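Worksheet: one structure, shown below.
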Amino acid sequence: MTSKSILRVAINAPLSRLFDYLAVAGREALPGCRVRVPFGRRMHTGLVMEIASESDVPGDKLKEAKELLDGVPIFEEQDLWLIRFVSDYYHHPIGEVAAAAMPALLRQGKPLNSNTRFLSLTPAGAEADIDAIRKRAPKQAELLGLVMDADTISFAELDQSLPAWRRAKKALIAKSLVEEFESSQEADAMDDLANTEQEAGPTLNPDQRLALDAINSRQGFNVNVIDGVTGSGKTEVYLRLINAELAAGRQVLVLVPEIGLTPQLVSRFQRRLGLEPVLLHSGLTDTARLQAWRAARNGSARLIVGTRSAIFVPLKNAGLIVVDEEHDSSLKQQEGLRYSARDLAIARGKKLQVPVVLGSATPSLDTLQRCRDGAYHLVNLPVRAGKAVPPLMRLVDLTRYDAYDGLSEPVIAAIEKHMASGGQVLVFLNRRGFAPTLICSGCGKIAECMRCDSRMTVHAGSSMLKCHHCGAQRAIESECSDCGATCRPLGHGTERLEDSLRSRFPQEEIARIDSDSTRLKGTMSRALAMATAGDTRIMVGTQMLSKGHHFPNLSLVVVINADQGLFSTDFRGSERLAQSLVQVAGRSGREERQGEVIIQTAFPAHPFWNELFKRGYRGVAESALAERENASWPPFSRLALIRAAATSRRDAHNFLETARRMADSSGIEGVRVLGPVSAPMERKAGRYRAQLLFQSRQRANLHRLLGSLRSGLEGNPEARRVRWSIDVDPIELF
Ligand code: ADP
Ligand code: ZN
């Protein structure tokens, strides 16, 4: 079979290989084009990765691709390279990687370019008083609300979500509150976003100047790490670098953690760079995502700011990749294709020969070690820019002071003081709900999840018990089903803390900001706007509030409970704890007022505190690195996990025993295999979970072993009874 060309196609299925098809009769397909192909019993959308002249599949078995979906490849060679690289490095089926690299609509076989009509908000629409409109024209208000939420929304989506919306559209257009536009072919809406005036930035301080000059002195691919305390002006340095790239006509990709993509950041980019960044994040509609993706691909999007999956977006003319808060765990995808967007940024930068800049106030130990090795370049911004001074930090010893409803006397006194002097307070507790436990006052029985080895969290607002691991919920039992005595909530979550703050400080404006209170669209941005404006005086929040936000009036940060982190079984425990404390502390005193940070602990003598207070994050990092070097943990070795979950414990363990035997008999040296062991929370959502850990100082050997296990296990009959995955460079060991 050499007369016709053979398409080697990646298909979204859990198999590591490409599948051969005969080309569509009379159409020339190139690598990077999508095709419709028969696979199993259905037609699938696949991506042509290669063209070959021969196939190992016998001629009469070879099927024909039915339809060529793209006249022009949607991915260029460098994008296909990334798909292959990710599949190889993470030992993940290539078709699933290709699927992850595409927006949903392309994955479904929809055309790259279509004449889609959209409605978008006009500036007048953005200011419109929707409540006033609702009184006279509810349908118009409803439509306007949808457009407000989405900014831009396609006719197709409106047809689905709001029947008979077209009349309301006419009325809103007549009032100039919305406008209609068509996005067709390569001309994208992104071009319409007129460039605006660029606001001048502050004069760089000497540290920033040094950092910028150092980064600019290097050409081509290199990795720069900006290690700068919160407020030291890292973003200011990014802005200068980005501006220069944009001026030279190149594109810039900025990756941020999930909760780092704040309106504040976006508007700052816009004001300073004079153009609207194109956003890529999970909150976009499928149409908006495709539109953004297409604009990045065709070059009309010049600045792309996105969360981790944006690392896959094709770029026509890349000049720079920035990864902000590079230590943040949300840059690593924790399910399915488990990739690190930060690590891929570096791989991609190398491929594209463009510089990569990583920034953080608390760089990960992996990154710090790469700087020590000389692989990355470290630049420091040791002091806060502008007039802000570092916050004062102290501990409150919970063994000496009682805590009433979670708040100790010194904390209450401090909140009073900051309220009296016009400050603003953030109370941080990384536990949502009312209480983490419901306990029977008679027999001590604890409410547990039926499907997980975990306790149910008490949610008072909804009067429910919820499992934070599987989402199960049921009504709160007020009496014990075993002994009939009263059940009581034990411990504190953000809901309970909010209550106790309200009773202590009834005259103050208090807001809880966590994923429960901000579930409804728009509530998060409203809550943040009130907090930023200083209208909210006391905020209670989870991790969601600890990063990225800039609250100008914030003067006191209280950490209710840091102790879980002190005794973590994960070797990354102290790194994580130090990062989270330093990040949340960094929220306070960002402007002229000196900030204060109070941390409640029942273990004030723990050596961690001494390290953190005497030598700061760097101190914690250095001693943790020394420990890890002794124990041969990353970054001094490489890890990988094979995880398995099954409805029976036996199946999960048997599968991993098989994997272990394969590893033991592989003949590949220098890789330690540990396990299989059950996960500490063994049962989750009704499945038993176990894992096998691989540790090696030789990356090549580890990868060779994983590659051979992947192909061996894929064909193994036991694999059908488990869900299994390989996690390369895991950041959670369980
Ligand atoms: P980071 O990203 O490190 O948290 P930012 O770049 O956001 O720091 O800067 C913190 C604050 O200091 C911002 O309000 C910023 O406008 C201001 N700032 C940054 N650099 C300077 C400078 N050189 N002079 C004055 N103010 C500055
Ligand atoms: Zn559960």
Side-chain angles (χ1 to χ4, degrees), residues 199-213 225-243 254 256-257 260-262 264-269 271-273 305 322-328 357-363 379-391 433 436-438 446-457 459 464-474 532 546-554 582-593 595 617 645 679 681-689:
E199 198 175 275
T203 309
L204 294 187
N205 65 34
D207 291 321
Q208 287 170 315
R209 190 75 263 156
L210 274 174
L212 188 67
D213 290 346
V225 179
I226 307 183
D227 176 358
V229 298
T230 312
S232 61
K234 294 183 291 297
T235 310
E236 207 47 58
V237 176
Y238 306 153
L239 283 167
R240 309 290 158 125
L241 293 165
I242 296 169
N243 201 27
V254 179
V256 296
L261 195 52
T262 59
Q264 289 166 347
L265 182 78
V266 173
S267 79
R268 183 166 171 198
F269 275 21
R271 275 182 284 119
R272 292 291 307 284
L273 300 167
V305 186
V322 176
V323 183
D324 192 24
E325 309 292 357
E326 66 82 31
H327 67 278
D328 196 284
V357 174
L358 310 180
S360 176
T362 53
V379 292
N380 286 298
L381 297 180
V383 294
R384 285 187 165 187
K387 300 193 188 90
V389 287
T437 304
L438 184 71
I446 284 169
E448 288 182 340
C449 177
M450 319 271 204
R451 308 166 66 219
C452 304
D453 295 328
S454 76
R455 297 174 173 191
M456 298 294 273
T457 301
H459 284 254
M464 295 295 256
L465 290 174
K466 294 186 186 173
C467 172
H468 288 185
H469 301 282
C470 73
Q473 40 180 301
R474 60 178 190 257
T532 308
S546 71
K547 305 170 194 177
H549 303 293
H550 176 51
F551 304 115
N553 291 317
L554 187 65
V582 171
Q583 291 288 341
V584 71
R587 298 305 115 213
S588 83
R590 302 256 319 205
E591 286 182 6
E592 272 137 74
R593 179 196 291 270
Y617 178 74
M681 194 184 95
E682 185 176 23
R683 209 166 45 105
K684 184 175 171 186
R687 285 171 186 277
Y688 291 86
R689 306 177 310 146

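One-based numbering, in listed order, for ligands and for the atoms of each. Source: prediction; values computed, not measured.
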Does the side chain of R384 come within less than 4.5 Å of P391's, by heavy atoms? yes
Answer side chain, backbone, both or neither: which part of V237 comes under 4.0 Å from ligand 1, heavy atoms only. neither
With heavy atoms only and a cut-off of under 4.0 Å, state how V229 meets ligand 1: side chain, backbone, both or neither. backbone
Any N/O/S atom of H468 sitting less than 2.8 Å from the Zn ion (ligand 2), backbone or side chain? no
Is E199 salt-bridged to R268, going by a charged N under 4.0 Å from an acidic O? no
For ligand 1, note which part of T235 has a heavy atom under 4.0 Å away: side chain, backbone, both or neither. both
Close approach of R268 to ligand 1, heavy atoms, under 4.0 angstrom: yes
Whether C470 has an N, O or S atom under 2.8 Å from the Zn ion (ligand 2): yes
Measure the spacing between CG of L241 and CD of E236 and express it to the nearest 0.5 Å. 11.0 Å
Does the side chain of L381 reach to within under 4.5 Å of the side chain of V237, using non-hydrogen atoms? yes
Under-4.0 Å heavy-atom contact with ligand 1, by part of Q208 that carries it: side chain
Taking CE in M681 as the centre, count heavy atoms belonging to other residues, nucleotides or ligands within less than 6.0 Å. Is the count above 12? yes
What I'd like to find out is whether the side chain of Q473 reaches to under 4.5 Å of the side chain of H459, using heavy atoms alone. no
Between CG of D453 and CZ of R689, what distance do you get to the nearest 0.5 Å? 8.5 Å
Heavy-atom contact check, 4.0 Å cutoff: does G231 meet ligand 1? yes
To the nearest 0.5 Å, what is the distance between CZ on R455 and NE2 on H468? 13.5 Å
Taking the non-hydrogen atoms of L239, is any one of them nearer than 4.0 angstrom to ligand 1? no
Before moving on, can you tell me the angle at the Zn ion (ligand 2) between the SG atom of C467 and the SG atom of C449, to the nearest 10 degrees? 110°
Mode of P202 contact toward ligand 1 - side chain, backbone, both, neither (heavy atoms, under 4.0 Å): side chain
For ligand 1, which atoms have a heavy atom of N205 less than 4.0 angstrom away? 23 (N)
For T203, take its heavy atoms, then give the atoms of ligand 1 lying under 4.0 Å from any of them. 22 (C), 23 (N), 24 (N)
Shortest non-hydrogen contact from A685 toward C452: N-SG, 3.2 Å
Taking only heavy atoms of L204 into account, list the atoms of ligand 1 that are under 4.0 Å away from them. 23 (N)
Rounded to the nearest 0.5 Å, how far apart are SG of C449 and NZ of K466? 13.5 Å
Min N/O separation G228 to ligand 1 under 3.5 Å: no
